[in-house]
Enquirer: 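Structure below; questions to follow.
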Amino acid sequence: MTSPPRVPLADRLARMTSSSTLRVLQMTEKLRAEGIDVISLGAGEPDFPTPENIREAAITAIEAGFTKYTSAGGIADLRRAIIERMRRDFGGEYGMEEVIATVGGKQAIFEAIAAIVNPGDEVLIPAPFWVTFPEVVHFCGGTPVLIDTEPTQFQLTADAVRERITPKTKLLVVNSPNNPTGRVVPAEEMRRIVEVAAEHNIWVLIDDCYLYFVYPPVAPFSAIGLPSELRDRCLVTGSFSKTYAMTGWRIGYALGPSEWIKAMLMIQSHSTSNPTSISQYAAIEAFAGRQDSVREMLDEYRRRRDWLIPALNDIPGITCVMPEGAFYALPNVRGVLADDLPTSRALADALLEHAGVAVTSGSAFGAEGYIRLSYATALDDLQRAVERIRDFLDRR
Ligand SMILES: Cc1ncc(COP(=O)(O)O)c(C=O)c1O
């Protein structure tokens, strides 16, 4: 018997690595299939149902027959709803040619990078980072250049950006509130960061995925509200996934200079075409309808955060800063690493195997010495998980 021919995968795939959050998920599923009770703090997925008014809008869309192709960049009513919400919440004025609806925020990010990054271009990415950013840059033949934010307690500063700029720098990626750190770039600093980018003729991709999940006294802020001469440097991507617990609906958006949006539309029209028509109607309701569910979810995340962070800091060897937004904690675990558990990946694997708690190793996010815990998880599960982590570390 001859073996089947090897598929000659494209070179650009050799530069990519598979998602480690996915790896945790697969290992969790394997253990659960063996009957082991695993508490998962690995996934960045709200544990709430999609709000009822949004579900109903989707059902109405199906009944009304809105189940066909739409224009590739999304129906006009959705694009208007996105513009209107951004205007109402952040005061930014955008035209219809400056907005696109996408298949999740992820597609917007992929297209935004693919539209302007050439092989050899450098892309500044603050570390810790969301895993997808460097992978998409690799896919496009660019070079990710990391900005280490650990010395400033994960706060990205304009000075740190300036230091890493070279003649090859094309793009800066900013994610605030940040996954995995939970830090929020203050409005004034964001303005300085974009000013530095503009001075050096660099473009800025701002990922607003967790925009509405910031904890008082921090207020939601988007680059959408920057003066137009700065905003013209920025492409802002957003998502309905987290804000409205709509991860499976796959709907997101981008707002930015019309040339950039047009290029993204070109990619989209030749890849996925339009985002799912039904999800588009649901998203109109999400942005145009009542917002009480967002406030309720935020209140619950805050309650969990306020319990979780002190509980983590109470474990000897672990320190954790208070996240200002999103729903992740990124404790520093260097104090519990040892010869038999030398890395955060080894610790994450041991917690999964011996304590039944799934967390993600910080190394996946460019944050060796840290682990990431998602508190988009019921409070009693969080409490049980912390108990198990504490017991596991006590036993060693
Ligand atoms: C920082 C960040 N940006 C973007 C996304 C994309 O989300 P989606 O494609 O579901 O809109 C995620 C999802 O986890 C994320 O964490």
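Residue numbers run from 1 in the order of the sequence given. Just so you know, ligand 1 is whichever comes first in the structure, and atom 1 is the first atom listed for that ligand.
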Enquirer: Does G120 offer a backbone N or O that forms a donor-acceptor pair with the side chain of K168 under 3.5 Å?
Expert: no
Enquirer: Tell me, which protein residue and heavy-atom name are nearest atom 15 (C) of ligand 1, and how many Å apart are they?
Expert: W130 CE2, 3.4 Å
Enquirer: What do you reckon, does I109 put a non-hydrogen atom under 4.0 Å from ligand 1?
Expert: yes
Enquirer: Report the member of V131, T102, N179, D207 with the shortest heavy-atom distance to atom 4 (C) of ligand 1.
Expert: D207
Enquirer: Under 6.0 Å from the ring centre and within 45 degrees of the ring axis: does the NZ or CZ of R305 meet both conditions for the six-membered ring of Y215?
Expert: yes
Enquirer: Just which atoms of ligand 1 are under 4.0 Å from any heavy atom in G104?
Expert: 9 (O), 11 (O)
Enquirer: For atom 13 (C) of ligand 1, which candidate among K242, R250, K106 provides the closest heavy atom?
Expert: K242
Enquirer: Is R231 close enough and on-axis enough to Y94, meaning under 6.0 Å and within 45°, for cation-pi?
Expert: yes
Enquirer: Polar contacts were defined as any N/O atom of the residue lying under 3.5 Å from an N/O atom of the ligand; does this apply to G105 and ligand 1?
Expert: yes
Enquirer: Side chains of E189 and L156: closer than 4.5 Å at any heavy-atom pair?
Expert: no
Enquirer: Do Y210 and F327 come within less than 4.5 Å of each other through their side chains, counting heavy atoms only?
Expert: yes
Enquirer: Is there a nitrogen or oxygen of Y210 sitting under 3.5 Å from a nitrogen or oxygen of ligand 1?
Expert: yes
Enquirer: State the atoms of ligand 1, each with its element, that fall below the 4.0 Å cut-off from a heavy-atom position in S239.
Expert: 8 (P), 11 (O)
Enquirer: I want to know whether F240 and Y253 have ring centres closer than 6.0 Å.
Expert: yes
Enquirer: Give the numbers and elements of all ligand 1 atoms closer than 4.0 Å to a heavy atom of C209.
Expert: 2 (C), 3 (N), 4 (C), 5 (C), 12 (C), 15 (C)
Enquirer: Taking the six-membered ring for Trp, is the centroid-to-centroid distance between F213 and Y328 below 6.0 Å?
Expert: no
Enquirer: What do you reckon, does S241 have a nitrogen or oxygen under 3.5 Å from a nitrogen or oxygen of ligand 1?
Expert: yes
Enquirer: Tell me if the aromatic rings of Y281 and F66 count as close, with their centers under 6.0 Å from one another.
Expert: yes
Enquirer: N175: heavy atom below 4.0 Å from ligand 1, yes or no?
Expert: yes
